[in-house]
Trainee: 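Quick one: structure below, then a few questions.
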Amino acid sequence: MSSGFCYTLPMAELKLIHGKQSIKYDHFKDYDFESCRAVCARLMGVAALKVTWRAKDNRRARFYQVMHLDYSEYGIDDYQEFICTPGSPDYGEKKEEMNGLWGRFVGVMGSDTTEIDASCMLRLIEDALLLASEDAPREYDNEENKEFRAYARLRLGYMQDALNCEGITSADCSSRDAIEEISPRRLSAYETINYFVMRLVDLDFPAASYLSSMSMDDLRSSALTDAGIQTLVRSDIERSDRRRDPSDDGTSFPFRVRVTTLAKDAYYHSTFVIWLNGNYRAANPLVTDLKVGSVIKLSEYEAAMQISRPEYITVFDCKDDMLRGFDPKYIGPFENSVATMVPNGWLYTAYKGNNSHVDTSSYRLSDDVYGYAVLTIAGELVLMSNDLRHISMLDDAAIFSLYAPFLNTKGRYRIDTSVFQTLCHVPGAMFEELVEPGED
């Protein structure tokens with residue numbers, strides 16, 4: 001028999017709970033910030049950070065963020081996270097993968113590393129995030145890049161929120177302070193000029209301003225920036241004197257500079273006079289003025305003449321056993337290199353340990369590379385360097401490595417035109433097919 005009363009049960013509130021494997025799970029609430037290591041490469045227009053977090057419920061467990069920041073166009077070039085819990089099945093694999101990625105960034109950037117505090121870290125990240133926003137202008141983009149940047153912005157947003165909740169913000173570190181924190185402490189006149197030109201033509205005005213007393217408006221309106229974002233390929237610097245090139249302030253010291261830059265559409269050759277507030281012996285000088293003489297767009301032939309360099313090449317024939325299990329760590333200079341797939345095999349790059357190539361009156365972009373090795377589809381190991389001394393060292397490293405029994409020397413060459421890149425990009429090509437008979 002019905003009582004005549006009707007009861008309405010409250011509707012249950014449904015909530016989506018993200019698991020720890022989801023990119024939307026906020027791992028940062030489970031960890032405490034521990035430290036941040038940075039590569040001191042801000043004057044090259046980039047930075048790499050390794051951020052370490054410590055688990056709240058297991059003080060032996062760590063959560064790592066490894067990122068590559070770009071202050072020219074994209075903001076964030078790479079961002080990866082690693083959960084490393086001792087005792088878990090994948091602990092060793094994750095730790096090795098994280099250290100390998102970090103080691104690659106350090107090697108490629110050729111710089112020292114330093115410990116920075118959380119405030120400086122946040123400033124570096126937030127300045128990069130401005131460039132990673134969807135409405136930031138860039139010359140080239142695609143859906144894959146957009147998807148990656150959205151993921152990186154999401155994860156770094158969680159990180160910012162976690163630190164902000166602990167009272168840690170970027171307010172205590174300006175952009176200029178952050179640049180100084182991960183830049184060389186002592187610069188020569190040549191380094192100042194080369195770094196300044198790199199940053200200016202790359203439209204990285206905050207870093208160019210750090211090296212200059214010029215106004216931001218003067219930097220932005222320079223004729224060197226008219227071609228858009230550019231890479232400094234080479235520069236040649238000549239000391240001048242105050243009688244030949246007097247400065248407006250009457251005290252700055254002049255240098256005459258010729259540069260070749262690569263923009264999206266072409267190579268450019270520019271000449272200009274640049275003044276520093278000191279002489280060529282001064283430490284940490286600033287650029288006080290810049291007067292451009294000419295900016296000329298180069299033809300393909302002129303560009304080739306500007307950037308061409310001899311290639312010293314050694315070719316080895318490899319036995320099949322070596323091809324199946326090749327590991328570059330057994331050839332000294334390539335110990336920390338990572339395989340890059342190219343159409344004709346696997347390319348390895350050995351970088352120099354520092355950016356000393358910037359401290360010169362004759363800068364070349366490729367001078368930060370010690371040498372290359374490509375293991376081709378056809379079974380050749382081909383070593384290349386633009387420096388005769390370096391190719392000799394690479395030769396010795398291969399000949400006296402554990403792979404010596406599997407290598408047979410086929411020839412050593414000096415080539416005055418670029419052959420190595422062609423070899424890398426022609427599937428199945430063998431070196432002897434790309435050179436004239438009898439060429440040495």
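The chain is numbered in sequence order, starting from 1.
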Trainee: Below 4.5 Å, heavy atoms only, C-beta onward: do Thr261 and Thr231 meet side chain to side chain?
Mentor: no
Trainee: Could you check whether any side-chain N or O of Glu311 sits under 3.5 Å from a backbone N or O of Asp416, counting only pairs where one atom can act as donor and the other as acceptor?
Mentor: no
Trainee: Just by modelled atom types, is the Leu130 backbone N or O under 3.5 Å from a matching donor or acceptor in the Ser133 side chain?
Mentor: yes
Trainee: For Ser174 and Arg123: C-alpha separation, side-chain torsions, deciding distance, then whether side chain to side chain donor-acceptor pair (under 3.5 Å) applies.
Mentor: CA-CA 7 Å; Ser174 68; Arg123 174 58 64 194; over 6 Å; no
Trainee: Are the side chain of Asn142 and the backbone N or O of Asn145 linked by a donor-acceptor pair below 3.5 Å?
Mentor: yes
Trainee: Using the side chain to side chain contact (heavy atoms under 4.5 Å, CB included) rule, take His390 and Val369 through it: C-alpha gap first, then chi angles, then the decisive distance, then the call.
Mentor: CA-CA 10 Å; His390 293 167; Val369 174; over 6 Å; no
Trainee: Between Arg414 and Tyr312, does a side chain to side chain donor-acceptor pair (under 3.5 Å) hold up when you go through it step by step?
Mentor: CA-CA 5 Å; Arg414 174 194 161 125; Tyr312 298 95; 3.1 Å; yes
Trainee: Main chain of Pro310, side chain of Asn386: is a donor-acceptor contact present, judged purely on distance under 3.5 Å?
Mentor: yes
Trainee: Taking atom CD as the centre, does Glu96 end up with more than 12 heavy-atom neighbours from other residues, nucleotides or ligands that are less than 6.0 angstrom away?
Mentor: no
Trainee: Between Val273 and Val257, is a side chain to side chain contact (heavy atoms under 4.5 Å, CB included) present by the stated rule, with each step listed?
Mentor: CA-CA 6 Å; Val273 179; Val257 187; over 6 Å; no
Trainee: Classify the ring geometry between Phe63 and His27 as parallel (under 30°), tilted (30 to 60°) or perpendicular (over 60°).
Mentor: parallel
Trainee: Can you tell me how far the OG atom of Ser175 sits from the CD atom of Glu180, to the nearest 0.5 Å?
Mentor: 13.0 Å
Trainee: Could I get the full list of salt bridge (Lys or Arg N to Asp or Glu O under 4.0 Å) partners for Glu181, not counting sequence neighbours?
Mentor: Arg185
Trainee: Looking only at heavy atoms, which two atoms of Arg42 and Ser183 are closest? And how far apart?
Mentor: CB-OG, 3.8 Å
Trainee: For a 4.5 angstrom cut-off between non-hydrogen side-chain atoms, does Phe33 reach Phe28?
Mentor: no
Trainee: Taking atom types as modelled, is there a side-chain donor on Glu81 or Tyr79 under 3.5 Å from an acceptor on the other?
Mentor: yes
Trainee: With no hydrogens and no angle check, is any side-chain donor or acceptor of Ser385 less than 3.5 Å from a backbone partner on Tyr370?
Mentor: yes
Trainee: Any side-chain heavy-atom pair from Trp346 and Thr376 closer than 4.5 angstrom?
Mentor: no
Trainee: Please name the pair of heavy atoms, one in Tyr330 and one in Leu402, separated by the smallest distance, quoted to 0.1 Å.
Mentor: CD2-CD1, 3.5 Å
Trainee: Tell me whether the guanidinium CZ or amine NZ of Arg199 lies under 6.0 angstrom from the six-membered ring centre of Phe205 and within 45° of its axis.
Mentor: no
Trainee: Under the 3.5 angstrom rule, does the side chain of Asp172 hit a backbone N or O of Ser119 as a donor-acceptor pair?
Mentor: no
Trainee: Less than 4.5 Å apart, any side-chain heavy atom of Ile193 and any of Phe196?
Mentor: no
Trainee: Assess the residue pair Arg37 and Ser35 against the criterion (side chain to side chain donor-acceptor pair (under 3.5 Å)); give the C-alpha distance rounded to whole Å, side-chain angles, the decisive distance to 0.1 Å, and a yes or no.
Mentor: CA-CA 7 Å; Arg37 197 82 189 165; Ser35 65; over 6 Å; no
Trainee: Any salt bridge between Arg149 and Asp77, counting N to O under 4.0 Å?
Mentor: no
Trainee: If you look at every heavy atom in Thr360 and Ile237, which pair is closest and at what distance?
Mentor: O-CD1, 4.2 Å
Trainee: Are Asp70 and Ser72 close enough that a side-chain donor and a side-chain acceptor fall under 3.5 Å?
Mentor: no
Trainee: Counting neighbours of CZ on Arg186 that are heavy atoms of other residues, nucleotides or ligands and sit closer than 6.0 Å, is the number greater than 12?
Mentor: no
Trainee: Kindly indicate whether the side chain of Tyr64, heavy atoms from C-beta on, has any atom under 4.5 Å from the side chain of Trp53.
Mentor: no
Trainee: Between Arg60 and Thr85 (side chain of the first, backbone of the second, donor and acceptor by atom type, cut-off under 3.5 Å), is there such a pair?
Mentor: no
Trainee: Going by atom types only, do Glu126 and Gln160 share a side-chain donor-acceptor pair under 3.5 Å?
Mentor: yes
Trainee: If we ignore hydrogens and angles and just use 3.5 Å, is the side chain of Ser222 paired with the main-chain N or O of Thr225 as donor and acceptor?
Mentor: no
Trainee: Measure across Lys50 and Trp102 and return the closest heavy-atom pair with its distance rounded to 0.1 Å.
Mentor: N-CZ3, 3.5 Å
Trainee: Please check if the number of heavy atoms outside Glu147 that lie under 6.0 Å from its CD is greater than 12.
Mentor: no
Trainee: Could you check whether Thr52 and Glu34, counting side-chain N and O atoms only, form a donor-acceptor pair closer than 3.5 Å?
Mentor: no
Trainee: Set out, in order, the CA-CA distance, both residues' side-chain angles and the distance that settles side chain to side chain contact (heavy atoms under 4.5 Å, CB included) for Phe431 and Glu380, then state yes or no.
Mentor: CA-CA 8 Å; Phe431 182 80; Glu380 292 181 328; 3.8 Å; yes
Trainee: Do Val46 and His68 make a side-chain contact, defined as non-hydrogen atoms from C-beta onward lying under 4.5 Å apart?
Mentor: yes
Trainee: Do Ser247 side-chain atoms and Gly250 backbone N/O form a donor-acceptor pair below 3.5 Å?
Mentor: yes
Trainee: Please step through side chain to side chain donor-acceptor pair (under 3.5 Å) for the pair Ser215 and Asp217, ending with a clear verdict.
Mentor: CA-CA 5 Å; Ser215 71; Asp217 287 342; 5.4 Å; no
Trainee: For Phe420, give me all partners under ring pair (Phe, Tyr, Trp, His ring centres under 6.0 Å), at least two apart in sequence or on another chain.
Mentor: Tyr372
Trainee: Among Leu219, Ile179, Asp127, which residue satisfies the side chain to side chain contact (heavy atoms under 4.5 Å, CB included) criterion with Pro206?
Mentor: Ile179
Trainee: So do the side chains of Leu129 and Ile125 get within less than 4.5 Å of each other, counting heavy atoms only?
Mentor: yes
Trainee: Kindly indicate whether the side chain of Trp275, heavy atoms from C-beta on, has any atom under 4.5 Å from the side chain of Leu290.
Mentor: no
Trainee: Show your reasoning for whether side chain to side chain contact (heavy atoms under 4.5 Å, CB included) applies to Leu163 and Leu122.
Mentor: CA-CA 9 Å; Leu163 291 172; Leu122 281 176; 3.8 Å; yes
Trainee: Assess, by modelled atom type and distance only, whether the side chains of Thr169 and Asn164 contain a donor and an acceptor separated by less than 3.5 Å.
Mentor: no
Trainee: Once you measure the plane-to-plane angle for Tyr190 and Phe255, does it fall in the parallel (<30°), tilted (30-60°) or perpendicular (>60°) bin?
Mentor: perpendicular
Trainee: How far apart are the closest heavy atoms of Thr251 and Asp249, and which atoms are they?
Mentor: N-OD1, 2.9 Å
Trainee: Working to the nearest 0.5 angstrom, can you tell me the gap between Asn277 CG and Leu286 CG?
Mentor: 5.0 Å
Trainee: Show your reasoning for whether ring-ring contact (aromatic ring centres under 6.0 Å, His included) applies to Tyr267 and His269.
Mentor: CA-CA 7 Å; Tyr267 285 92; His269 182 68; over 10 Å; no
Trainee: Can you tell whether the side chains of Asp265 and Lys297 come within less than 4.0 Å, N to carboxylate O?
Mentor: yes
Trainee: Give a yes or no on whether the backbone of Gly228 and the side-chain of Gln230 come within a donor-acceptor separation of less than 3.5 Å.
Mentor: yes
Trainee: Let's go through Tyr403 and Phe326 carefully: what are the C-alpha distance in whole Å and the side-chain angles of both, what is the deciding distance for ring-ring contact (aromatic ring centres under 6.0 Å, His included) to 0.1 Å, and is it a yes or a no?
Mentor: CA-CA 9 Å; Tyr403 289 121; Phe326 180 72; 5.2 Å; yes
Trainee: Minimum heavy-atom separation for Asn344 and Ala429, please, with both atom names.
Mentor: ND2-O, 3.1 Å
Trainee: Can you establish whether the number of heavy atoms outside Tyr151 located under 6.0 Å from its atom OH is more than 12?
Mentor: yes
